[in-house]
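Protein chains get the first letters and strands the later ones, always in sequence-line order, with residue 1 at the start of each.
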Amino acid sequence: MTKQLDADQLLASLNDPQREAVVTTDGPLLLLAGAGSGKTSVMTRRIAYLTNVKKLDPWNILAITFTNKAAREMNERVRQWIGDAADDMWMCTFHAMCVKILRREARHLDFTPTFTILDADDQASMIKQCMLDLNHDIKKYDPASVQWIISAAKNELLTPATFVATGTRPVDTIVRGVFAAYDHQLRRANALDFDDLIGKTVLLFETFPDVLKTYQEKFLYIHVDEYQDTNRAQYQLIRMLSKEHHNVCVVGDADQAIYRWRGADRANLDYFERDFPTRKMIKLEQNYRSTDTILKAANAVIQNNQNRVEKSLWSTKGTGEKIAVYAAQDAEDEAIYALSKIQAHVGEGGRFSDCTVLYRANAQSRAVEDVLLQAAIPYHVVGGMTFYDRREIKDVMAYLRAIANPQDEISLLRIINVPKRSIGEGSIRKLLDYAHDEDLTLMDAIKRAKLVDQLKSAEQVARFAEMIEHLQERMIGATVTEFLHDVLRTSGYREMYAQSSKEEDRTRLENIDELDRITRSFDRRRRGTVLDFLAETSLMTDVDRNENDERDAMRLMTVHASKGLEFPVVFVLGVEETVFPHSRSLDTIDGVEEERNLFYVAVTRAKDKLHLSYCLERSTFGQVHMNDPSRFLQEIPEEYTERTGADPVQEARFEIGMTVRHPQYGVGVVTDLSGVGEEQMLTITFRSKYGTKEIVPRITRLRVLG
DNA sequence: GTCAGAGTTTTTTTT
DNA sequence: AAACTCTGAC
């Protein structure tokens, strides 16, 4: 194959801006890519262009994606162009990249390559423990808020030494101290949390310029996808790595910035212009995904954001069907609506997997699941209570972690008495105190159980220590699957559930078997170490996890989880004020605008058919609320929609003697009325204990019963 | 160490 | 309304 032919092939079927983006390889490039504008195609061809035409070594290319799944997909698509050489490239998330770097360079910082990665749960319990150690009243100070503030600080590259509390709430006064204690505990446990992965890599590069230099010389061409959702620390990383050669291509869309609450700063788009003044900019505005109707609706909605750079997507896919807007009575009715449309779709020869239900918050999946379960529709929930959150899976993973990283105290505490080994609360306390007094790790204290004063269960603890040491030897050279089997057998963990006849425990056994399938697939794919396996699983996102599910099933997920994906038929549920936009985002303009971005993301996932629905009544915490249809719904011009369901605007005429139902007070009779239109006020006598109340129908949605 | 019953909390979004 | 956590009796 000649060089020229390759270039022609690579550029075939691309539009002009796309082609320019592929061949503009040198120097900084800002690629503004609207939803569905074929940016993945551009990215993969750009990488293929670098290797095939510019004859670059794949080893010198870095591509950072938002999820592991996106990385895998990109790898497969690049593979079509360049074959196995694709494996030499680093294509991964920021976090995965940092783990790879930190495992190699751990010795430069204060930990070993066996470090554990703390998940949000472990992080929460460690912070809570630190607060207890510092004698803070966790009733008074919410550990979750502390966790939140520390995470935000780390995203800004702050340390306990440089952190200054900016808030004025009571918790803000204690955060700094907890931050310091938490940092100390992490060090003791040889553990890093998610934010550290990025932060410590930045620290590594700042402190050891020669280490930075080797990576600068390695990553000659850098690509960053979903750039609008990078945070400050991540941007810093990109800047450092590309400082010498400036070959950095960032791809983003400010309208799809939806992670500000996690420290993402779309101002990084502006900083890029500031820090790379020679940057070129290319806009991709042709959408290949959605119908014209869907796109026009999305454009109309996003126009309402004041804080934005004008950009307008256009499509050549044809008008398509109108957007269905359904006013549901309640969440169950809403779910039944989706169900009936899905059944119709499949009845016409479509697949369940064409259909995806999106919602603002995980809790909304429940009503849909109930209905789908009853109707025996195959479905898969992405996110929520995931596989790795289950107790048995966390236990088994804790075994792997404790054995791989003996400093991992949290994991050790989790398993020391599971299954029961008669090592009780008191014994554990004594071991911890001993470790503290002798300046040892908990594992070392366990190994010296016989030396601990007054330790009743010394015999059992010693046996536990032997078991862990035995397993540590077994880990060497074993595949992850072999090792997993060893752990399950030697620890008696599997036996614990195998003996039980409870239905719940049978499910747990099945989950353990599922874990076995996962390690097998890992061994086949990578043949990595136990540490690699642990790193991979702790960095997996919800979207990554349903890879193994190959049934024809429909999917349920949050709008956040749907980012970057596309589906022929999309349902967006709960398009109501206080749900979407969420009530907790209504205080600030930025908050509402980010919700609008999120709605824009939801709408632009749909290729052919979009259903939007809202409920007249919604119950939350056992309380019924009546929400107005979302403002975003009003922002879509009527001509693109087709409305069904209950009349969204109830123009009820009230009269004395009429029976009505109030969402909270129940059924009552109108005994008096005054004012007209929006000013109208009713006096209603309720049958319930609430008696007589004055009600403004403009604010409270009453149902007329007769 | 287990269990029943009381009391409390839950709904943003997640690498 | 349902799920979780705590507490005290066995």
Side-chain angles (χ1 to χ4, degrees), chain A residues 64-71 92-99 117-121 123-124 128 138-139 142 144 147-148 151-152 154-155 192-199 225-226 229-231 233-234 256-264 330-332 358-367 370 382-386 388-389 391 417-426 535-545 557-564 573-574 576 578-587 591-592 594-595 597-599 601-602 618-625 627:
Chain A
I64 296 172
T65 55
F66 198 72
T67 63
N68 297 300
K69 184 183 178 183
C92 51
T93 62
F94 270 107
H95 292 85
M97 170 179 84
C98 290
V99 170
I117 302 163
L118 243 55
D119 70 17
D121 259 12
Q123 190 186 18
K128 193 171 152 194
I138 58 168
K139 284 251 158 53
D142 177 20
Q147 183 178 6
W148 195 253
S151 170
K154 287 188 176 186
N155 287 332
L192 299 178
D193 64 23
F194 283 133
D195 306 310
D196 285 335
L197 296 177
I198 315 290
D225 196 7
E226 305 286 4
D229 283 322
T230 52
N231 65 32
Q234 291 166 336
Q256 294 187 68
I258 56 174
Y259 282 97
R260 198 172 62 109
W261 52 273
R262 209 175 75 187
D330 51 32
E332 190 191 359
L358 302 181
Y359 35 76
R360 178 63 179 79
N362 282 307
Q364 286 172 262
S365 74
R366 180 104 193 218
D370 286 349
V382 180
M385 175 75 168
T386 60
Y388 290 91
D389 291 332
R391 187 176 50 179
N417 201 29
V418 180
K420 300 259 157 20
R421 298 187 177 91
S422 306
I423 305 174
E425 200 80 0
E536 184 175 296
T537 48
S538 57
L539 293 176
M540 265 205 256
T541 67
D542 293 330
V543 182
D544 301 323
R545 282 174 189 150
M557 67 183 91
T558 64
V559 182
H560 282 91
S562 76
K563 185 165 117 140
L573 309 189
E576 300 152 36
T578 75
V579 177
F580 201 174
H582 195 276
S583 52
R584 298 186 48 167
S585 311
L586 295 176
D587 314 338
V592 174
E594 181 154 307
E595 293 283 312
N597 283 353
L598 191 58
F599 187 71
V601 169
R618 176 174 297 277
S619 49
T620 333
F621 308 143
Q623 282 248 303
V624 179
H625 297 274
N627 299 324

Exercise. Do the side chain of A/Gln623 and the main chain of A/Thr620 share a donor and acceptor less than 3.5 angstrom apart?
Worked result: no
Problem set entry | For A/Arg618, salt bridge (charged side-chain N to carboxylate O under 4.0 Å, His left out) partners two or more places apart | A/Glu334, A/Glu576
Exercise. A/Thr558 near the nucleic acid: base, sugar-phosphate alone, or nothing, with a heavy-atom cut-off under 4.0 Å?
Worked result: sugar-phosphate
For this session: For A/Lys563 and A/Asp229, run side-chain contact (heavy atoms from CB on, under 4.5 Å): C-alpha distance rounded to whole Å, both residues' side-chain angles, the deciding distance at 0.1 Å, then the answer.
Result: CA-CA 11 Å; A/Lys563 185 165 117 140; A/Asp229 283 322; 2.3 Å; yes
Seminar exercise, completed: note: A/Ile258, atom CD1; B/dT15, atom C1'; distance rounded to Å ~ 13 Å
Seminar exercise, completed: With sugar-phosphate taken as primed atoms, P, OP1 and OP2 and all else as base, the protein-contact string of nucleotides 1-10 of chain B at under 4.0 Å (heavy atoms; B, S, -) is -S-------B
Exercise. Across the strands shown, which category fits A/Arg366 at heavy-atom distances under 4.0 angstrom: base, sugar-phosphate, nothing?
Worked result: sugar-phosphate
Exercise. B/dT15 C1' sits how many Å from A/Leu192 CG, rounded?
Worked result: 14 Å
Exercise. Quick one: how far along DNA chain C does chain A reach, first to last nucleotide 5' to 3', anything under 4.0 Å to a heavy atom?
Worked result: C/dA1 to C/dA3
For this session: Measure up the A/His560 and A/Tyr259 rings against each other and bin them: parallel (under 30°), tilted (30 to 60°), perpendicular (over 60°).
Result: perpendicular
Problem set entry | Aromatic-base stack, A/Trp261 on B/dT12, cutoff 5.5 Å, angle under 30 | no
Exercise. Does A/Asn627 offer a backbone N or O that forms a donor-acceptor pair with the side chain of A/His625 under 3.5 Å?
Worked result: no
Seminar exercise, completed: Regarding the side chain of A/Ser585, the nearest nucleotide among B/dT12, B/dT14, B/dT15 is B/dT12
For this session: Quickly work out the A/Asp225 CG to B/dT15 P distance and round it to whole Å.
Result: 15 Å
Exercise. So what does A/Ala361 hit on the nucleic acid, given a heavy-atom distance under 4.0 Å: a base, only sugar-phosphate, or nothing?
Worked result: sugar-phosphate
For this session: Take the protein atom NE2 of A/His95 and the nucleotide atom P of B/dT15, then report the distance between them rounded to whole Å.
Result: 9 Å
For this session: Identify whether a stacking contact exists between A/His582 and B/dT12, where the ring centres must be under 5.5 Å apart and the planes under 30° apart.
Result: yes
Exercise. Can you check the A/Trp148 CH2 to B/dT15 C1' distance for me, whole Å?
Worked result: 12 Å
Exercise. Could you state the CD1-C1' distance from A/Ile117 to B/dT15, rounded to the nearest angstrom?
Worked result: 11 Å
For this session: Starting from P on B/dT14, measure out to CG on A/Asp229 and report it in whole angstrom.
Result: 13 Å
Exercise. For A/Asn362 and B/dT13, is the shortest distance between a side-chain N/O and OP1 or OP2 below 4.0 Å?
Worked result: yes
Problem set entry | A/Glu332, CD: over 12 other non-hydrogen atoms inside 6.0 angstrom | no
Problem set entry | A/Phe599: partners by ring-ring contact (aromatic ring centres under 6.0 Å, His included), with sequence neighbours left out | A/Phe580, A/Phe632
Exercise. Hey, does the side chain of A/Asn231 reach the backbone of A/Arg262 with a donor-acceptor pair shorter than 3.5 angstrom?
Worked result: no
Exercise. Considering residues at least two apart in sequence or located in another chain, which fulfil the salt bridge (charged side-chain N to carboxylate O under 4.0 Å, His left out) criterion with A/Arg260?
Worked result: A/Asp590, A/Glu594
Problem set entry | Nearest-angstrom distance, P atom, B/dT13 to C/dC4 | 15 Å
For this session: Assign each of A/Arg360 and A/Phe94 to its nearest nucleotide of DNA chain B by heavy atoms, then name whichever residue's nucleotide is nearer the 5' end.
Result: A/Arg360
For this session: Report the residues that fulfil side-chain hydrogen bond (donor to acceptor under 3.5 Å, both in side chains) with A/Asp193, sequence neighbours left out, ordered by chain and then residue number.
Result: A/Gln123, A/Lys154, A/Tyr182
Exercise. Rounding to a whole Å, what distance do you find between A/Gln147:CD and B/dT13:P?
Worked result: 14 Å
